[in-house]
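What you are looking at is a predicted structure, and each value in this text was computed from that prediction instead of being measured. Here is the naming used below: chain letters follow the sequence lines, and residue numbers restart at 1 for every chain.
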Number of protein chains: 2
Amino acid sequence: MRSDAQQNRDRVLAAARVEFAAQGAGASLNRIAQRAGVGPGTLYRHFPSVQALLVAIISDEVAVLCARGEELLAGSDPGLALRTWLRAVAVHAAAMRGFVAVELLGAAESPALSGCHDAIRDVGSRLLHRASVEDAVDDVLAAVNAMAWASEQLPADPARLDRLLTLITRSLPH
Amino acid sequence: MRSDAQQNRDRVLAAARVEFAAQGAGASLNRIAQRAGVGPGTLYRHFPSVQALLVAIISDEVAVLCARGEELLAGSDPGLALRTWLRAVAVHAAAMRGFVAVELLGAAESPALSGCHDAIRDVGSRLLHRASVEDAVDDVLAAVNAMAWASEQLPADPARLDRLLTLITRSLPH
DNA sequence: TAGATAAATGGAGAAGCTCTCCGTATATTA
DNA sequence: TAATATACGGAGAGCTTCTCCATTTATCTA
């Protein structure tokens with residue numbers, strides 16, 4: 001990749017992070033391009049769709065979540081490890097203002113995205129298995145993402161996400 | 001209201017039901033107006049925002065849900081009544097393709113909408129109380145709506161909604 | 001029944017969106 | 001330094017939501 005192209009790609013990504021964080025679902029690709037100081041054409045060449053942009057942003061954080069999961073898998077309390085990790089997943093999803101949920105849930109479309117999805121699934125299923133939970137990992141992850149999404153929609157209440165997660169996790173092993 | 005206005009209002013509502021059911025979040029108000037055989041200006045006078053349109057459509061179904069809740073309150077098994085009603089709420093929310101969830105969760109903005117919200121809350125809290133559940137009705141409803149939303153996002157799987165609801169309801173009294 | 005009036009209509013158009021195309025500018029290579 | 005491949009940005013097409021106002025029409029009154 002040409003060095004100026006790389007630079008522009010990075011600037012678009014940085015602008016997109018800011019814009020998504022600020023505007024959520026109302027983010028405009030035009031404004032992202034403007035904020036990055038590039039033309040719309042440039043943005044679309046690097047990221048042909050909103051998904052592509054999100055995938056690039058999300059991949060980093062998924063890697064962090066997986067690493068955290070591996071750490072927890074090495075720890076001693078399987079039930080606590082599972083609940084801790086699910087909470088981390090939820091916080092991550094909520095921070096992305098619902099995008100992660102929408103994108104990850106609907107996965108399997110983009111190769112990169114389903115890569116993320118598979119990585120999360122893998123760690124999740126091992127954590128579930130070690131805690132003797134029999135529910136499908138897809139269902140549990142969908143539920144956790146849904147809770148993150150819900151807590152986004154409602155008026156801000158710092159404790160709500162925890163209460164919603166508790167509705168699910170309290171039936172899991174302690 | 002003048003009779004022609006009433007007629008147009010009804011036609012817009014009918015068109016909106018069809019369009020929302022067919023297109024989901026991608027529904028276009030232009031097309032709704034076109035389908036109803038009215039100009040955009042007419043649509044916007046009757047319903048100044050998408051929310052207003054949704055509120056009108058939703059109000060009917062909320063009334064049905066409340067009636068169902070009252071029936072169940074008169075029955076004999078509090079735990080079963082609660083689970084049955086929560087499932088009905090979820091099916092209703094899913095049928096609205098996520099709009100109900102978004103709108104009802106974010107409530108308290110439009111008077112009509114918060115009316116719906118209050119009605120649902122009222123029935124829900126009585127069902128919860130009778131089943132000796134101590135969770136806040138808002139949290140439970142948010143969780144149920146979130147599950148309906150999640151099941152919408154994922155590839156169609158008729159049993160998924162039930163599995164997701166079970167993640168919540170299995171910790172409630174049987 | 002006919003005229004007055006208040007209300008509703010619908011379409012033109014402003015502003016913003018996504019996304020494409022292509023002439024121009026520039027980084028890289030020989 | 002010259003040639004070439006690549007990336008650039010912005011004009012513009014075709015959407016969208018939403019507003020304004022000249023025109024039409026239902027309803028009321030005499």
Side-chain angles (χ1 to χ4, degrees), chain A residues 1-58 96-99 102-103 106 109-113, chain B residues 1-58 96-99 102-103 106 109-113:
Chain A
M1 182 179 301
R2 235 167 71 171
S3 67
D4 56 339
Q6 180 67 55
Q7 196 175 16
N8 274 330
R9 205 191 118 99
D10 293 345
R11 284 165 59 176
V12 167
L13 274 178
R17 278 177 193 273
V18 174
E19 189 72 9
F20 280 132
Q23 305 295 329
S28 146
L29 299 186
N30 264 5
R31 269 201 301 275
I32 291 174
Q34 205 173 344
R35 190 190 286 274
V38 305
T42 300
L43 188 155
Y44 279 89
R45 188 164 343 87
H46 286 294
F47 306 100
S49 67
V50 180
Q51 274 204 5
L53 196 47
L54 286 166
V55 167
I57 292 175
I58 289 166
M96 282 282 103
R97 304 190 112 244
F99 281 115
V102 173
E103 298 305 316
E109 291 136 21
S110 122
L113 198 57
Chain B
M1 181 181 304
R2 236 168 71 169
S3 67
D4 56 339
Q6 179 68 55
Q7 196 175 15
N8 275 331
R9 206 190 117 100
D10 292 345
R11 283 165 61 177
V12 167
L13 274 179
R17 278 177 193 271
V18 174
E19 189 72 9
F20 280 133
Q23 306 294 329
S28 148
L29 299 187
N30 265 5
R31 269 200 301 277
I32 292 176
Q34 204 173 344
R35 191 192 285 274
V38 305
T42 300
L43 189 155
Y44 279 89
R45 188 162 346 83
H46 286 294
F47 305 100
S49 68
V50 179
Q51 274 205 5
L53 195 48
L54 286 167
V55 168
I57 292 175
I58 289 167
M96 281 284 103
R97 304 189 112 247
F99 280 115
V102 173
E103 297 305 316
E109 291 135 21
S110 122
L113 198 56

* Asked: Rounded to the Å, how far apart are B:Leu43 CG and C:dG11 C1'?
  -> 14 Å
* Asked: For the atom pair NE2 (B:His46) and CZ (B:Arg11), what is the distance rounded to the nearest 0.5 Å?
  -> 10.5 Å
* Structure fact -> Rounded to whole Å, the CD-P distance (B:Gln7 to C:dG10) equals 11 Å
* Between C:dT20, D:dT17, C:dA7, which one does the side chain of B:Arg2 approach most closely? -> C:dA7
* Give the rounded distance in Å between these two atoms: CD of B:Gln51 and P of D:dC18. => 11 Å
* Distance in angstrom units between A:Ile32 CD1 and C:dC17 P, rounded -> 11 Å
* Please determine if a side-chain N or O atom of B:Ser28 lies less than 4.0 Å away from the OP1 or OP2 oxygen of D:dT16. => yes
* **Which residue lies more 5' along DNA chain C, comparing B:Arg45 with A:Gly41 via nearest heavy atoms** => B:Arg45
* side chain to side chain contact (heavy atoms under 4.5 Å, CB included) assessment of A:Leu29 paired with A:Phe47 -> CA-CA 10 Å; A:Leu29 299 186; A:Phe47 306 100; over 6 Å; no
* To do: Tell me whether the OP1 or OP2 atom of C:dT9 has a side-chain N or O from B:His46 closer than 4.0 Å.
  => yes
* Rounded off to whole Å, could you give me the CG-to-C1' distance for the A:Leu53 and C:dC17 pair? => 16 Å
* Take atom OH of B:Tyr44 and atom P of C:dA14, then tell me their distance rounded to the nearest Å. => 17 Å
* Structure fact -> Of C:dT9, C:dA12, D:dA26, the nucleotide closest to the side chain of B:Ala5 is C:dT9
* To do: Would you indicate what B:Pro40 reaches in the nucleic acid, counting non-hydrogen atoms under 4.0 angstrom: base, sugar-phosphate, or nothing?
  => base
* **Residue A:Gln6 excluded, over 12 heavy atoms near CD under 6.0 Å** => yes
* Is A:Thr42 near enough to D:dG9 that one of its side-chain N or O atoms lies under 4.0 angstrom from OP1 or OP2? -> yes
* To do: Nearest whole angstrom, please: distance from the P of D:dT6 to the CD of A:Gln6.
  => 16 Å
* Could you tell me the separation between the CG atom of B:Leu53 and the CD1 atom of B:Ile58, rounded to the nearest 0.5 Å? => 9.5 Å
* Over how many whole Å does the gap from B:Arg31 atom CZ to D:dC18 atom C1' extend? -> 17 Å
* To do: Give a yes/no on whether any side-chain N or O of B:Asn30 is located under 4.0 angstrom from OP1 or OP2 of D:dC15.
  => no
* **Spacing of CG belonging to B:Leu43 relative to CZ belonging to B:Arg9, to within rounding of 0.5 Å** => 11.0 Å
* Of B:Ser49 and A:Asp4, the one whose closest DNA chain D nucleotide lies more 5' -> A:Asp4
